[in-house]
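The structure appears right after this line, and notes come after that.
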Number of protein chains: 2
Amino acid sequence: MQTREIRLERYPDGLPTSDHFNLVSVDLPEPQDGEVLVRNRFMSVDPYMRGRMREGNPYFSPFALGVALDGGCVGEVIASNHPDFEVGDAVTGFYGWREHFVTSGSEVTHVDPDLAPLSTYLGTLGMPGMTAYVGLLDIGRPEPGQTVFVSAASGAVGSIVGQIARIKGCRVVGSAGSDEKVAWLCDEAGFDAAFNYKSAGDLAAELDRHCPDGIDVYFDNVGGAHLEAAIDRMNFHGRIALCGMIAQYNATKTSSGPANLMLAVGMRLTLQGFIVSDYEHRREAFRADMAAWIGAGQIKWRETVIQGLENAPVAFTGLFRGDNIGKMVVEL
Amino acid sequence: MQTREIRLERYPDGLPTSDHFNLVSVDLPEPQDGEVLVRNRFMSVDPYMRGRMREGNPYFSPFALGVALDGGCVGEVIASNHPDFEVGDAVTGFYGWREHFVTSGSEVTHVDPDLAPLSTYLGTLGMPGMTAYVGLLDIGRPEPGQTVFVSAASGAVGSIVGQIARIKGCRVVGSAGSDEKVAWLCDEAGFDAAFNYKSAGDLAAELDRHCPDGIDVYFDNVGGAHLEAAIDRMNFHGRIALCGMIAQYNATKTSSGPANLMLAVGMRLTLQGFIVSDYEHRREAFRADMAAWIGAGQIKWRETVIQGLENAPVAFTGLFRGDNIGKMVVEL
């Protein structure tokens, strides 16, 4: 049997283009004892993947060149030699960027298609949702009545951060890159306030307007000017969860850091970087809470769905153009 | 009775000069019931005072203009109307920048001149020592075998940070601003390594040489280039205690922040600012530990002693020229 996969051909400098990827057909082995054959239904594209498209990162193993990329995926078992899996089972794994895969049954996990559509396990019920959960609750530690500000607020992580903060009794303010995104945050996702940072221009004035009591928790997805503006408005003992700095992922030259970091001393601020994979001990709590919130209708989400493996590179680079509202996924 | 005091006349822009201070003679009231009259023996000058010489800091009450400055002091009771104090008692309080003061007995605290010389209560046994203690142990949380790097390492805080870290079984590296300071750190204070950042030039190379296993805890007293160089070399889950950024205290224009702050995400770094006054609950532990370490000869310190109240402004500004090794105090 043959399948198709996307390989990384060379490491990009700046935003990757179609030249960096290669779509190829390959032979798929037969599943052996203990193995399953899965047809992928959805694959994930995530900003963190850009960090793996370079060498010399001490903390990400770079993608190997000339072999299939990887990442989150969800699909259907179409052949099984493992006692825990039957044909038709829905599973998630880490074999994205390909249409089928064969692996040990220990490398995939059942998901429940009755709780939410399959693609949700790449977003709200998957890695981005858990990133929001641990970043907000374990790093940000918001208390009821406090103000939580989140950047890239309409994204897969940011939109969940804001909604969990609302559930926890916080005032929630988000920044996003289009009026459509802002409208969704305010009208559907229950944010107390949101603004379009691209059209607003003056980030400081927007934050002053929407955070009249300052900021207690800033969930930083973008770095750069957002981080500096937030630091200026943090309250005593404020917490900044450093989740990602998408503004700098494709930077080809060094940008300067927040010039006001000295405020962290007198204001007793904590800036803490984290990676969700360190929080496996929180997975069951995340699953239970998120399932309950979804069941109660307390969490909304959107997806931007791109069709076809051949369009996965465009979906990926679209993350950095802000093409997505909510989770960007590729349907295979 | 008359005494002399130093007043702040106007807020400086940049490094203060003698023009900003005024030495005046004033009448001292008689001590009333419950009050004591103290002759100051030593007063403290500390870098944090620069932060109080400007308006608009949200977290420091600025010094009032036209009245005596304040700060740590240690002296001798020369008259007492309070049952807990007798003439000749040694006490510490917050009435620096003057030769005598009258206050309620509740505003001063006994110190033990047998444990260490009086001036020590402004340094190793005082605020700077406790800053080192809580900043290293509560914020830095070093573990035996880890590498601790401290900047301004020969200062009142830095020199104690390094020695506590040694007591806790860490490898300790310090940076300081003269060969004499470096020699003292290595030969007397027990640092594993120290370097002169002014003559070395290449901070990155020095850190690579002296921290071959990376940095687990960086105790930051200076900010600027030191902070950026340390971030580049932090190990996974490293902690940065932001104690002060002396390099920027007199800055008249904004400097840029660490350009590599994005590393905090992938490396899971925590940068945490703190102010020692938040840690009163740790005072008894600090006193007990530090007294024991001093008794066991495990903590060394130096002082730079300037004579005479009239020279207190020069002592203060000398902190920013690096004139001091160890604690800078003024003997009155």
Side-chain angles (χ1 to χ4, degrees), chain A residues 47-48 50-52 54 56-61 131 135 139 214 220-224 227-228 231-249 251 253-279, chain B residues 47-48 50-52 54 56-61 131 135 139 214 220-224 227-228 231-249 251 253-279:
Chain A
Y48 82 84
R50 181 63 184 84
R52 296 187 60 197
R54 63 169 59 92
N57 252 358
Y59 45 93
F60 277 142
S61 59
T131 299
I139 310 285
D220 184 28
N221 288 309
V222 303
L227 178 57
E228 187 166 300
I231 288 174
D232 264 342
R233 285 153 189 88
M234 296 300 292
N235 291 328
F236 281 120
H237 303 287
R239 286 82 63 198
I240 299 180
L242 301 173
C243 181
M245 299 194 179
I246 197 169
Q248 292 164 42
Y249 286 0
K253 59 183 180 185
T254 307
S255 50
S256 61
N260 56 357
L261 188 58
M262 193 168 74
L263 283 173
V265 179
M267 298 302 288
R268 295 89 151 161
L269 307 184
T270 301
L271 293 83
Q272 186 169 358
F274 73 102
I275 299 281
V276 66
S277 56
D278 289 342
Y279 292 83
Chain B
Y48 82 84
R50 181 63 185 85
R52 297 186 60 197
R54 62 170 60 91
N57 251 358
Y59 46 90
F60 277 142
S61 59
T131 299
I139 310 286
D220 185 28
N221 288 309
V222 303
L227 179 56
E228 187 166 300
I231 289 174
D232 265 340
R233 284 152 188 87
M234 296 300 291
N235 291 329
F236 282 120
H237 304 287
R239 288 81 63 196
I240 298 179
L242 301 173
C243 180
M245 300 193 180
I246 197 170
Q248 293 165 41
Y249 285 1
K253 59 182 178 184
T254 307
S255 50
S256 61
N260 56 355
L261 188 58
M262 193 170 74
L263 282 173
V265 180
M267 298 302 289
R268 296 87 151 162
L269 306 184
T270 300
L271 292 83
Q272 186 170 357
F274 73 102
I275 299 280
V276 65
S277 56
D278 290 343
Y279 292 83

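Just so we're on the same page: letters track the sequence lines, and every chain starts at 1.
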### From OG1 (A/Thr131) to OH (A/Tyr279), nearest 0.5 Å
10.5 Å

### Query
What part of B/Leu227 is in contact with chain A, defined as an atom under 4.5 angstrom from a non-hydrogen atom: side chain, backbone, both or neither?
side chain

### Message
Report, in residue-number order, which members of residues 231-240 of chain B are under 4.5 Å from chain A by heavy-atom distance.
### Response
B/Phe236, B/His237

### Query
Of all of B/Leu242, B/Ile275, B/Asp220, which one pairs up most often with chain A through heavy atoms under 4.5 Å apart?
B/Ile275

### Message
For residues 262-269 of chain A, give me every residue with a non-hydrogen atom less than 4.5 Å from any non-hydrogen atom of chain B.
### Response
A/Met262, A/Leu263, A/Ala264, A/Val265, A/Gly266, A/Met267, A/Arg268, A/Leu269

### Summary
One option among A/Ala241, A/Cys243, A/Gly51 has the most heavy-atom pairs under 4.5 Å with chain B, and it is A/Cys243

### Query
Quick check: does any side chain N or O of A/Asn260 sit under 3.5 Å from a backbone N or O of A/Glu228, one acting as donor and the other as acceptor?
yes

